[in-house]
Amino acid sequence: MALNHTHNARLLRQETAAGAGVQILLLTLLGASLDLGPAGWLTGLAFAAVSWAVLTRAVSRSWLSSFGAANRVTLARATLVGGVTALVADSFTSPPRVAVLTALTAVALILDAVDGQVARRTGTSSSLGARFDMEVDAILILVLSVYVATALGPWVLLIGAMRYAFVAAARFLPWMNAPLPHSMARKTVAALQGVALLVAATGLLPAPANLAAVLLALTSLIWSFARDIAWLWSTDKAARAEARTEPEPPVARVTRLAARPVPRVVHDEPVPARSA
């Protein structure tokens with residue numbers, strides 16, 4: 001079993017290395033065709049290196065027999081997000097390449113609806129794949145919010161930062177780590193963030209329309225997080241209340257009573273127990 005796992009881990013690492021190679025190839029193509037500056041190159045390479053390191057560590061600790069078609073789709077999305085990240089970083093020092101950025105983002109958002117379908121149809125769903133998909137989504141939303149914030153204002157960063165703020169809060173509030181039930185509303189709100197930010201990034205609509213779309217996305221996201229936090233809090237509160245009021249099982253009561261010390265009797269008078 002250990003040998004098989006070692007073999008599988010080696011194959012999985014080869015997949016992640018191939019993904020890093022494709023990421024560098026995409027950066028090379030962008031650099032040659034768009035003349036990326038140092039900011040774009042450094043950010044893109046940093047994204048490729050960090051993504052490869054984190055994903056390699058994750059798959060090495062997993063017990064997957066293969067990387068799977070769904071994870072390959074997500075890896076392709078991560079490659080596109082790396083390209084978007086490089087273009088956004090480059091836009092701070094050079095004129096933004098809106099057409100290419102829009103194209104890469106649009107394909108990444110479309111593939112977001114593909115990897116889940118592939119996982120379900122091929123029976124290759126896994127906790128690693130779900131986490132991988134979620135992190136790629138979060139990074140794309142964060143990068144897009146940074147780009148759109150340059151036009152609409154810093155408040156747009158709330159969209160990209162909210163998920164990371166939730167994760168940070170969960171480190172100090174363990175009840176926030178409980179699994180959430182499936183919610184189509186949550187999925188719809190998450191998809192709306194990418195679409196609204198993409199529309200605003202294109203600059204095709206008038207500024208008031210972009211502002212309204214992003215405000216709607218932010219409002220729905222706040223509602224979604226507030227609803228989930230309220231559900232987690234009420235569920236934890238109910239569980240703690242049930243634990244306090246749950247009657248003691250008969251077996252536990254018998255065991256507890258049997259373990260109590262029996263007082264010694266001298267001349268029919270019990271010897272008082274030693275006080276603590």
Side-chain angles (χ1 to χ4, degrees), residues 23 39-40 42-51 54-55 74 77-93 96-98 100-113 115 130-172 176 180 183 185-205 207 209-229:
Q23 178 73 83
L42 290 175
T43 304
L45 291 174
F47 182 94
V50 172
S51 300
V54 172
L55 185 57
T74 308
R77 287 180 54 228
T79 301
L80 296 174
V81 172
V84 173
T85 303
L87 291 174
V88 170
D90 190 65
S91 69
F92 286 95
T93 58
R97 278 74 170 185
V98 179
V100 179
L101 187 149
T102 300
L104 293 180
T105 302
V107 175
L109 291 176
I110 292 171
L111 290 179
D112 187 25
D115 51 9
R131 181 65 181 272
F132 186 22
D133 177 68
M134 181 174 59
E135 295 299 338
V136 172
D137 288 342
I139 294 173
L140 178 59
I141 297 302
L142 176 61
V143 171
L144 288 177
S145 67
V146 170
Y147 182 75
V148 175
T150 60
L152 298 182
W155 61 269
V156 182
L157 296 174
L158 291 172
I159 295 178
M162 201 170 299
R163 188 256 172 182
Y164 294 100
F166 180 90
V167 172
R171 290 183 175 273
F172 302 96
M176 293 179 64
L180 289 164
S183 170
R186 187 187 307 117
K187 289 181 174 292
T188 302
V189 168
L192 176 61
Q193 307 309 306
V195 173
L197 290 172
L198 175 60
V199 169
T202 63
L204 296 177
L205 298 180
N210 289 332
L211 177 62
V214 178
L215 274 175
L216 174 63
L218 176 59
T219 302
S220 66
L221 188 64
I222 293 173
W223 168 81
S224 180
F225 270 99
R227 188 188 67 155
D228 285 345
I229 292 172

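This structure is a prediction, so every number in the text was calculated from the model and none was measured. Just so you know, residue 1 is the first one in the sequence shown, and it goes up from there.
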Q) Is F132 close to V54 at the side-chain level, that is, under 4.5 Å between some pair of heavy atoms? A)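 Heavy-atom side-chain distance check fails, nothing below 4.5 Å.
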Q: Working to the nearest 0.5 Å, report the span between CG of L152 and CG of L218.
A: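 So the CG of L152 and the CG of L218 are separated by 11.5 Å.
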Q | Pairing residues for S183 by the side-chain hydrogen bond (donor to acceptor under 3.5 Å, both in side chains) criterion, not counting sequence neighbours | A |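 side-chain hydrogen bond (donor to acceptor under 3.5 Å, both in side chains) list for S183, sorted by chain: R227.
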(Q) Applying side-chain hydrogen bond (donor to acceptor under 3.5 Å, both in side chains), can you list everything that pairs with S220, at least two apart in sequence or on another chain? (A)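 For S220, the residues satisfying side-chain hydrogen bond (donor to acceptor under 3.5 Å, both in side chains) (neighbours in sequence not counted) are Q193.
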[X]: which residues meet the side chain to side chain contact (heavy atoms under 4.5 Å, CB included) condition with it, sequence neighbours left out?
X    : answer
V107 : L80, L111
A209 : L205, P206
A161 : none
A170 : M176, N177

Name the atoms and distances for all side-chain donor-acceptor pairs under 3.5 Å in residues 135-143, with sequence neighbours left out.
| from | atom 1 | to | atom 2 | distance (Å) |
| --- | --- | --- | --- | --- |
| E135 | OE1 | R163 | NH1 | 3.0 |
| E135 | OE2 | R131 | NE | 2.7 |
| E135 | OE2 | R131 | NH2 | 3.4 |
| E135 | OE2 | R163 | NH1 | 3.3 |
| E135 | OE2 | R163 | NH2 | 2.8 |
| D137 | OD1 | R77 | NH2 | 2.2 |

For a quick test of reading the model, state the closest non-hydrogen atom pair linking [X] to [Y] and the distance between them.
X    : Y    : value
V148 : A200 : CG1-CB, 3.8 Å
L144 : G194 : CD1-O, 4.3 Å
I159 : L221 : O-CD2, 3.6 Å
S145 : L197 : N-CD1, 4.0 Å
S91  : P96  : CB-CB, 4.0 Å
L192 : A217 : CD2-CA, 4.1 Å

Q: Assess whether side chain to side chain contact (heavy atoms under 4.5 Å, CB included) is satisfied between V84 and F47, documenting all intermediate values.
A: CA-CA 10 Å; V84 173; F47 182 94; over 6 Å; no
Q: Report the residues that fulfil salt bridge (Lys or Arg N to Asp or Glu O under 4.0 Å) with R186, sequence neighbours left out, ordered by chain and then residue number.
A: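 D228.
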Q: Examine distances only and state if a side-chain atom of Q23 and a backbone atom of A48 form a donor-acceptor pair shorter than 3.5 Å.
A: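 Pair absent, no side-chain N/O of Q23 close to backbone of A48.
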Q) So which of L87, V88, V81 actually passes side-chain contact (heavy atoms from CB on, under 4.5 Å) with T85? A)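 So the option named by the test is V81.
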**Q.** Pairs meeting criterion salt bridge (charged side-chain N to carboxylate O under 4.0 Å, His left out) with involvement of residues 187-201, two or more places apart
**A.**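 Applying salt bridge (charged side-chain N to carboxylate O under 4.0 Å, His left out) to every pair that reaches into residues 187-201, excluding sequence neighbours, yields nothing.
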Q. Pairs in or reaching into residues 188-199: which pass salt bridge (charged side-chain N to carboxylate O under 4.0 Å, His left out), with residues at least two apart or in two chains?
A.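 Not a single pair qualifies under salt bridge (charged side-chain N to carboxylate O under 4.0 Å, His left out).
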Q | Of all pairs that satisfy ring-ring contact (aromatic ring centres under 6.0 Å, His included), the ones with a partner from residues 143-170, not counting sequence neighbours | A |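 Passing the test, one end in residues 143-170: F166-F225.
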